[in-house]
Participant: 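Please find one structure pasted underneath; my questions will follow.
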2 protein chains.
Amino acid sequence: MARARRSFVPAYYQVAEYLSGEIENGRLKPGEAIPSESQLCERYGISRMTVRQGLNLLGEAGYIHSVPGKGSYVTVPRLDTIVIEFQEGRIEDGRRLEPQLIGVEVIEAEDWLAQKLGMAPGAKVVEFRRLSHLDEKPAAYELKYLPYRKGAPLVEREIRYAAFPALVARCCEKHLVKVRMTLYTGAAPADAAQLLGLPGEDGLALVLEQSVLAQDDRVLGWGSTYCVPEAYRLTAESDPFWKGI
Amino acid sequence: MARARRSFVPAYYQVAEYLSGEIENGRLKPGEAIPSESQLCERYGISRMTVRQGLNLLGEAGYIHSVPGKGSYVTVPRLDTIVIEFQEGRIEDGRRLEPQLIGVEVIEAEDWLAQKLGMAPGAKVVEFRRLSHLDEKPAAYELKYLPYRKGAPLVEREIRYAAFPALVARCCEKHLVKVRMTLYTGAAPADAAQLLGLPGEDGLALVLEQSVLAQDDRVLGWGSTYCVPEAYRLTAESDPFWKGI
DNA sequence: GAGTGGTCTAGACCACGCT
DNA sequence: GCGTGGTCTAGACCACTCA
């Protein structure tokens, strides 16, 4: 508990380690108050700013949170948020899918698409379709749309290999974009079902819908990926101290 | 750019706002260096610790990162990590599923299960099955397993309503657990397919596999949820500055 | 050697929650 | 009124990078 001498570990880090240890082994329980800053100063013989630096570390990691005028408390971990690392064109074990561009067109957006993209019906959009293979077998069919912009040439190489959000960002000249994704099991369009060789008359696939959004939530692009069942898995891990939303 | 006077906004916060604004509007581009700490001190007429507090905020948010001896740089956002808020027994729009406990048994683990749970084959495990309804229609079938522990009574109320990770945590007397989840479209077991009224001979469903892990990655519980296609969707948003893994 | 970020001090004043 | 955390200062020494 006393601060280790002759150590290259910074003092603030030792404070953080000590407290996170106490939390992990259960001596400090969720909801409980941790020692006050001045107590920690005294215990470790360090200044308050240094103690605060350590507590800040724990706060970032989500172990604790503080209430002005009262104290700092151990956070109750949340198990309902999970983080997925989703790499387009790459599956769980890191193997790469072989993408094949099977169509690029400028079309007029039908109503449903215009709505998804936040455009007027009939507006011009670029549609492109990709079919990706894994081990010579078709694994995913992608259908992507982004507003047509004169003078924003889409290089075929890019369309073929680039991840969709990055493509959209470059095309719209935005520096920061976000992605919103929806996952479900649903029917693939007939042509996709055929190309993917989906069994059954309803052609169920794992569907990943991606909306690429600007910082102000304006939709910049929309796409849908139909994945062959079983071939495509997503793994995710809980982020117990996520603080977003 | 100059620090606002007569403002109740803390100085460090103003520094952070100014810089994040510059990043968002693209005047500071990913990979570029931001002004040095001493430059910011001078510009705002504040001390270095205060500037650092502001930069720390941006660092936490993932906008910038620093390189000792060189400077701080605008981070290139990542679009390949997304965060899902997954609430067991609750769907996208917040509606609750009505759970129904349809079986609890102590069984001896078959090989595949023993492997999932990291136990010896034949070890005793508690199996329970739940069927959840949405609008009177079956929506999800859950199959969960956790090691049988003498003297750790499982209250029916809990089994029926509690989220699985929380149940496991309480049962194993662990304070901190993690969840690893895998999502895919796959075949449901025959009994599940029948109860859910899945169409087609292969009975495809959206499958959510959950492993509940201790901090040391030991498996504490394993479960699988089979969701009726289309009824169940997961939405996720990108976390452009996630720093994990 | 000049400049950078990383760590740390020993103070200060404030708003807040309690009692 | 006392203890809490939130903000802020004006210094300090260090290790590091780069010219």
Side-chain angles (χ1 to χ4, degrees), chain A residues 2-20 22-23 28 30-75 241 243, chain B residues 2-20 22-23 28 30-75 241 243:
Chain A
R3 178 179 170 192
R5 287 155 192 274
R6 311 175 149 280
S7 157
F8 295 176
V9 180
Y12 76 93
Y13 198 80
Q14 291 180 42
V15 174
E17 290 259 282
Y18 165 67
L19 288 171
S20 66
E22 293 292 288
I23 292 171
L28 281 170
E32 277 185 14
I34 66 168
S36 76
E37 294 179 357
S38 54
Q39 278 169 19
L40 290 168
C41 290
E42 220 175 308
R43 244 195 242 184
Y44 288 91
I46 57 183
S47 76
R48 185 158 161 242
M49 282 302 266
T50 305
V51 165
R52 282 179 63 76
Q53 199 176 347
L55 297 185
N56 193 36
L57 219 57
L58 292 174
E60 282 173 46
Y63 281 98
I64 62 169
H65 60 274
S66 54
V67 182
K70 294 190 67 180
S72 293
Y73 300 87
V74 179
T75 302
F241 299 114
K243 287 162 294 188
Chain B
R3 179 180 170 191
R5 287 157 193 275
R6 314 173 148 281
S7 156
F8 296 114
V9 180
Y12 76 93
Y13 198 81
Q14 293 180 40
V15 174
E17 289 259 285
Y18 165 66
L19 288 171
S20 66
E22 293 291 288
I23 292 171
L28 281 171
E32 277 184 14
I34 67 167
S36 76
E37 294 179 358
S38 53
Q39 278 169 21
L40 290 168
C41 290
E42 221 175 306
R43 245 195 239 183
Y44 287 92
I46 58 183
S47 77
R48 188 161 158 238
M49 282 303 264
T50 306
V51 165
R52 281 179 65 76
Q53 200 175 347
L55 297 185
N56 193 36
L57 218 58
L58 292 174
E60 281 173 46
Y63 281 99
I64 62 169
H65 61 273
S66 54
V67 182
K70 294 190 67 178
S72 293
Y73 300 85
V74 180
T75 302
F241 300 114
K243 286 163 294 187

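Any value given below was found using the heavy atoms of this structure, including those in side chains, with hydrogens, waters and symmetry copies removed. So you know, we letter chains A, B, ... as the sequences are listed, proteins then strands, and number each from 1.
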Participant: Report yes or no: does A:Gln14 contribute a side-chain atom to a donor-acceptor pair with the main-chain N or O of A:Val9 at less than 3.5 Å?
Facilitator: yes

Participant: Residues two or more places apart in sequence or in another chain: which of them pass salt bridge (charged side-chain N to carboxylate O under 4.0 Å, His left out) with A:Glu22?
Facilitator: A:Arg27

Participant: Tell me, which pairs form a salt bridge (Lys or Arg N to Asp or Glu O under 4.0 Å) where one or both residues lie in residues 61-70 of chain B, sequence neighbours left out?
Facilitator: none

Participant: Figure out the OH/C1' separation between A:Tyr44 and C:dC8, and round it to whole Å.
Facilitator: 17 Å

Participant: On the nucleotide C:dC8, are OP1 or OP2 found under 4.0 Å from the side-chain N or O atoms that A:Thr50 carries?
Facilitator: no

Participant: Find which nucleotide of DNA chain D each of A:Met49 and A:Leu55 is nearest to by heavy atoms, and output the residue with the more 5' nucleotide.
Facilitator: A:Leu55

Participant: Ignoring backbone atoms, test whether A:Ser38 places a side-chain nitrogen or oxygen under 4.0 Å from the OP1 or OP2 oxygen of D:dT4.
Facilitator: yes

Participant: Please list, chain by chain and in numerical order, all residues satisfying side-chain contact (heavy atoms from CB on, under 4.5 Å) with B:Thr50, sequence neighbours excluded.
Facilitator: B:Ala11, B:Tyr12, B:Ile46, B:Ser47

Participant: Quickly work out the A:Gln39 CD to D:dG5 C1' distance and round it to whole Å.
Facilitator: 13 Å

Participant: Measuring to OP1 and OP2 of D:dC8, would you say a side-chain N or O of B:Ser47 lies under 4.0 angstrom away?
Facilitator: no

Participant: Give a yes/no on whether any side-chain N or O of A:Ser66 is located under 4.0 angstrom from OP1 or OP2 of D:dG6.
Facilitator: yes

Participant: For B:Arg52 and C:dG5, is the shortest distance between a side-chain N/O and OP1 or OP2 below 4.0 Å?
Facilitator: no

Participant: If you look only at distance, which donor and acceptor atoms sit under 3.5 Å apart when one is on a side chain in residues 32-41 of chain A and the other is two or more places apart or in another chain?
Facilitator:
from    : atom 1 : to      : atom 2 : distance (Å)
A:Glu32 : OE1    : A:Lys29 : N      : 3.4
A:Ser36 : OG     : A:Ser38 : OG     : 3.3
A:Ser36 : OG     : A:Gln39 : N      : 3.3
A:Glu37 : OE1    : A:Arg48 : NE     : 2.7
A:Glu37 : OE1    : A:Arg48 : NH2    : 3.1
A:Glu37 : OE2    : A:Arg52 : NH1    : 2.9
A:Gln39 : OE1    : A:Ser36 : N      : 3.4

Participant: Rounded to whole Å, please give me the gap between CG in B:Asn56 and C1' in C:dG5.
Facilitator: 13 Å

Participant: Please determine if a side-chain N or O atom of A:Tyr12 lies less than 4.0 Å away from the OP1 or OP2 oxygen of C:dT7.
Facilitator: yes

Participant: With sequence neighbours left out, what residues match B:Pro68 under side-chain contact (heavy atoms from CB on, under 4.5 Å)?
Facilitator: none

Participant: Heavy atoms under 4.0 Å is the rule here; annotate nucleotides 13-19 of chain C 5' to 3' with B where the base is hit, S where only the sugar-phosphate is, and - elsewhere.
Facilitator: ---BSS-

